[in-house]
2 protein chains.
Amino acid sequence: MSLESYMNEVGQKARAASRLLTRATTEQKNKALFAMANALESARPRLKEENAKDIENGKQKGLDEALLDRLELNDARIDGMIEGLKQVATLPDPVGEITDMVYRPSGIQLGKMRVPLGVIGIIYESRPNVTIDAASLCLKSGNATILRGGSEAFYSNQAIAQAVQSGLASAGLPEDAVQVINTVDRAAVGLLITMPDYVDVIVPRGGKGLIERISKDARVPVIKHLDGNCHVYIDDEADLEKAFNIAMNAKTRRYGVCNAMESLLVNARVAKDILPRLADALSEKGVELVGCDLTRAIIEAAPATEDDWYTEYLAPKLSIKVVDDMDDAIAHINQYGSHHSDAIVSQNYSKTRAFMTEVDSSSVMVNASTAFADGFEYGLGAEIGISTDKIHARGPVGLIGLTSQKYVVLGDGHTRDN
Amino acid sequence: MSLESYMNEVGQKARAASRLLTRATTEQKNKALFAMANALESARPRLKEENAKDIENGKQKGLDEALLDRLELNDARIDGMIEGLKQVATLPDPVGEITDMVYRPSGIQLGKMRVPLGVIGIIYESRPNVTIDAASLCLKSGNATILRGGSEAFYSNQAIAQAVQSGLASAGLPEDAVQVINTVDRAAVGLLITMPDYVDVIVPRGGKGLIERISKDARVPVIKHLDGNCHVYIDDEADLEKAFNIAMNAKTRRYGVCNAMESLLVNARVAKDILPRLADALSEKGVELVGCDLTRAIIEAAPATEDDWYTEYLAPKLSIKVVDDMDDAIAHINQYGSHHSDAIVSQNYSKTRAFMTEVDSSSVMVNASTAFADGFEYGLGAEIGISTDKIHARGPVGLIGLTSQKYVVLGDGHTRDN
């Protein structure tokens, strides 16, 4: 079979499965999730065997240590997948909820019903545990899923897919509700993102390069998670103790996460009061500092280039800029930021009110660390990513972000006059 | 200036204006809308003069009567635009609303704030009144707008743009908040839909061909309004009096609207009871009938082709199919329909419950006419279109559909531990 016929068949099967999933009860979906967990447990030796093939191939291809590490399925990671499945089973089912039900003047009752998106295509890189994360969230939200993992994890993903499909079958759900592409041919991605008849939305999970490529070529909507170039602005009316704690937490809690602060903006009136203490504490943690001229007049830092202001380091490195006032800070954030998560530290009520309105980011924090931008912290239970888009879903995307709403109209023979 | 530089400049100005609009108060926006209404009133003679140029050019180009009619700006249509502006001014302002504000276990307060999308590009055909509809809805929802009307309405649209911009200026809002492209070069559309840095979403208003072309080439999200191939399914447990009224209303209230019924599905058990009466009444109204073999065994109708089931006639024509049961009807609707608005007529509780869940359309009606699918009937006040997409906005799109939500986090020095 040609790749095109194969992908078309996958698409058709997914669409058919998504129709059947509209009838799946919450109980069935949860049963399937628990059955998948059991199937993974039983398949543990096989998962490790298949994973060993991927690791061996990866070594021969000369993958670096970090990639090989992400690829590995050890017992702890298999435990994590099993635990994840059980957690998703405990989350409330968003599908079918009807809200805003009102009588309209015409006499009809109008409401909004939460419904699955339909078929979701997930494209990800080498981490095989994403297969389970994505499949479980999509299933719980009533969607059929087509998964395309990195070619390095081919054998691991196929083994995981078997466990997933046996779980679906044992709950009486269609096995095609979760399909894992069974070819490493890169052209499969190009086909997957250009089948609007069969795929309703694409969620790419991986580096910025992958996501940009997919967004550029896709013919279906993409829920994007681009970079997190997050800012903390310390206002001249900040409580400097809070400012110190928030800045330290936002930068040093973890370096490789998208909600970490990458740029610190400090009001010129308090720069001398706060920067030396922060610089000492950051240097002690091994954080490299780059800054504007005003910053460098106060603390030791390498000169920041224009590029630095745009950069998500994902590393122990921070750019620092001294700004004239809050408006200056907002303009900087809206220009250089990535519309992910940005914070102000200030005790001035009017300024926090304006910052909250004018900063164009998916999460705006007032006197709180950017580190809170996270599906678990927000109570979503789990997240498939943090959307930096404005359309559809913005910020952490959980089960609700994988659904849509349709209108339902209840009449009793109602017709429209005018 | 090259077209590219021009469009880039338009985009940059729109982005800058959208930043300023985040500070616009509801009062200012309403003041601008009333000022636009006054400016249109004062410009009435000039609007007609400029419109006469378009009409004259259109005649020379040999536009047909229907197009020339849509192009015309007579007093009634100018009155309509003025009335529309005042109506949008009276609608509640969705921007800034914070909902779902809760304390999280970490101690932060988390809520969702409704915010404008940013910059909206509107591409439409020859009706100049769309310029005012679109500009007013986008302004009220806090968005900057770039309007690209049909080249046939060039002079009319430029004259309307002047009135719009004078209204903005008199309310202290940036004139660039509404820009009308000042060239008829078709390449401008191609540029407008491929500027993700400056344009957040595209709303095409026009025929299916226009919308499909734009969706295909766009590099920014598109809120699509494709066809309305709407169905009414008459169940064997329908109240046939209600069924007759609903079917007649859905088909004959107006023929050229997207919420009109284009296909009637009738359960085989009641086909003989309802079809003859319906066929008589429809024929009396001059509705042409095509049907499946079973239909044609009961009433006079031309044979329906496979294409008929897919077709939105927008005309006094109806395709009729006799189906075995509700599942058959649902399968037909999900396969051939356009996910717009579809209705069931049945007194059976369980069936209506299943139909509502399983039909994948933006509006699902139970014992009510598809004619209710409309922004005014749904209480949105006005609509910019009816989305047949699943992502972001589904069904009639009003002010809310032109906004998004961001998370706001209020802390008091909160940092994240784990």
Side-chain angles (χ1 to χ4, degrees), chain A residues 19 22-23 96 102 104 106 108 110 113 115 117-118 200-201 216 219 221 239 241-242 245-246 248-250 253 331 334 343 354 356-358 360-369 371-373 377-379 389-392 394-396 404-416, chain B residues 19 22-23 96 102 104 106 108 110 113 115 117-118 200-201 215-216 219 221 239 241-242 245-246 248-250 253 331 334 354 356-358 360-369 371-373 377-379 389-392 394-396 404-416:
Chain A
R19 299 277 178 233
T22 61
R23 299 182 183 186
V102 292
R104 298 289 311 150
S106 60
I108 59 169
L110 173 75
M113 179 189 265
V115 292
L117 290 173
D200 294 295
V201 61
K216 195 174 154 293
R219 289 275 161 278
D239 175 325
E241 191 59 28
K242 292 178 192 166
N245 291 334
I246 287 169
M248 288 303 293
N249 184 256
R253 181 183 149 271
N334 285 339
M356 207 156 64
T357 302
E358 293 176 27
D360 183 22
S361 298
S362 74
S363 289
V364 182
M365 274 77 181
V366 175
N367 292 319
S369 169
F372 285 109
E377 289 294 330
Y378 284 5
D389 280 328
K390 290 185 174 182
I391 296 294
H392 186 66
R394 210 176 175 194
S404 179
Q405 285 178 305
K406 69 183 178 193
Y407 285 99
V408 289
V409 174
L410 305 185
D412 198 9
H414 287 74
T415 57
R416 184 172 166 192
Chain B
R19 298 279 177 231
T22 60
R23 299 182 182 186
V102 292
R104 296 288 312 149
S106 61
I108 60 169
L110 173 76
M113 179 188 265
V115 292
L117 290 172
D200 295 294
V201 61
S215 307
K216 195 175 155 293
R219 288 276 160 278
D239 175 324
E241 191 60 27
K242 291 177 192 167
N245 292 333
I246 287 169
M248 288 304 293
N249 184 255
R253 180 183 149 269
N334 286 338
M356 207 157 65
T357 303
E358 293 176 26
D360 183 22
S361 299
S362 73
S363 289
V364 182
M365 273 76 182
V366 175
N367 292 319
S369 169
F372 286 109
E377 289 293 330
Y378 284 4
D389 281 329
K390 290 186 175 181
I391 296 294
H392 185 64
R394 210 175 175 194
S404 179
Q405 285 179 305
K406 69 183 178 192
Y407 285 99
V408 290
V409 174
L410 305 184
D412 199 9
H414 286 75
T415 56
R416 185 173 166 190

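Quick note on labels: first sequence line is chain A, next is B, and so on, each numbered from 1. Small disclaimer: the values here were computed from a predicted structure and weren't measured.
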Salt bridge (charged side-chain N to carboxylate O under 4.0 Å, His left out) involving Arg19(B) - partner list, sequence neighbours excluded | Asp360(A)
Honestly, the part of Leu110(B) sitting under 4.5 Å from a heavy atom of chain A is side chain
Is there side-chain contact between Thr415(B) and Met248(A), with at least one heavy-atom pair below 4.5 Å?
-> no
Relative to chain A, which segment of Ser362(B) carries a heavy atom at a distance below 4.5 Å: side chain, backbone, both, or neither?
-> backbone
With chain B, which of Asn249(A), Thr22(A), Ile246(A), Thr357(A) has the greatest number of heavy-atom pairs at distances under 4.5 Å?
-> Asn249(A)
Compare every heavy atom of Ser404(B) with every heavy atom of Lys390(A), then report the nearest pair and how far apart it is.
-> O-OG, 2.7 Å
Let me see the working for Val364(B) and Met113(A) under side-chain contact (heavy atoms from CB on, under 4.5 Å), right down to the final yes or no.
-> CA-CA 10 Å; Val364(B) 182; Met113(A) 179 189 265; over 6 Å; no
Among Gly413(B), Ala368(B), Ala373(B), Ala250(B), residue most engaged with chain A (heavy-atom pairs, under 4.5 Å) | Gly413(B)
Between Phe372(A) and His414(B) the two heavy atoms that sit nearest each other are CE1-O, 3.5 Å
Is chain A contacted by the side chain of Asp239(B), its backbone, both, or neither, given a heavy-atom distance below 4.5 Å?
-> neither
Relative to chain A, which segment of Glu241(B) carries a heavy atom at a distance below 4.5 Å: side chain, backbone, both, or neither?
-> neither
Would you mind telling me which of Asn334(A), Val201(A), Asp389(A), Val102(A) has the largest number of heavy-atom pairs within less than 4.5 Å of chain B?
-> Asn334(A)
So, the side chain of Lys406(A) versus the backbone of Gly395(B): is there a donor-acceptor pair under 3.5 Å, distance only?
-> no
Contact winner vs chain B - Lys242(A), Arg394(A), Arg253(A), heavy-atom pairs under 4.5 Å = Arg253(A)
Chain B interface, residue from Asp412(A), Val408(A), Leu117(A) that has the most non-hydrogen pairs under 4.5 Å | Asp412(A)
Asp200(B): what forms a side chain to side chain donor-acceptor pair (under 3.5 Å) with it, not counting sequence neighbours?
-> Arg15(B)
Ile108(A) portion near chain B, given a 4.5 angstrom heavy-atom threshold | side chain
Please state whether the side chain, the backbone, both or neither of Glu358(A) comes within less than 4.5 Å of a heavy atom of chain B.
-> both
Side chain of Arg416(B), backbone of Ser369(A): donor and acceptor closer than 3.5 Å?
-> no
Glu377(A) and Arg104(B) have their tightest heavy-atom pair at O-NE, 2.8 Å
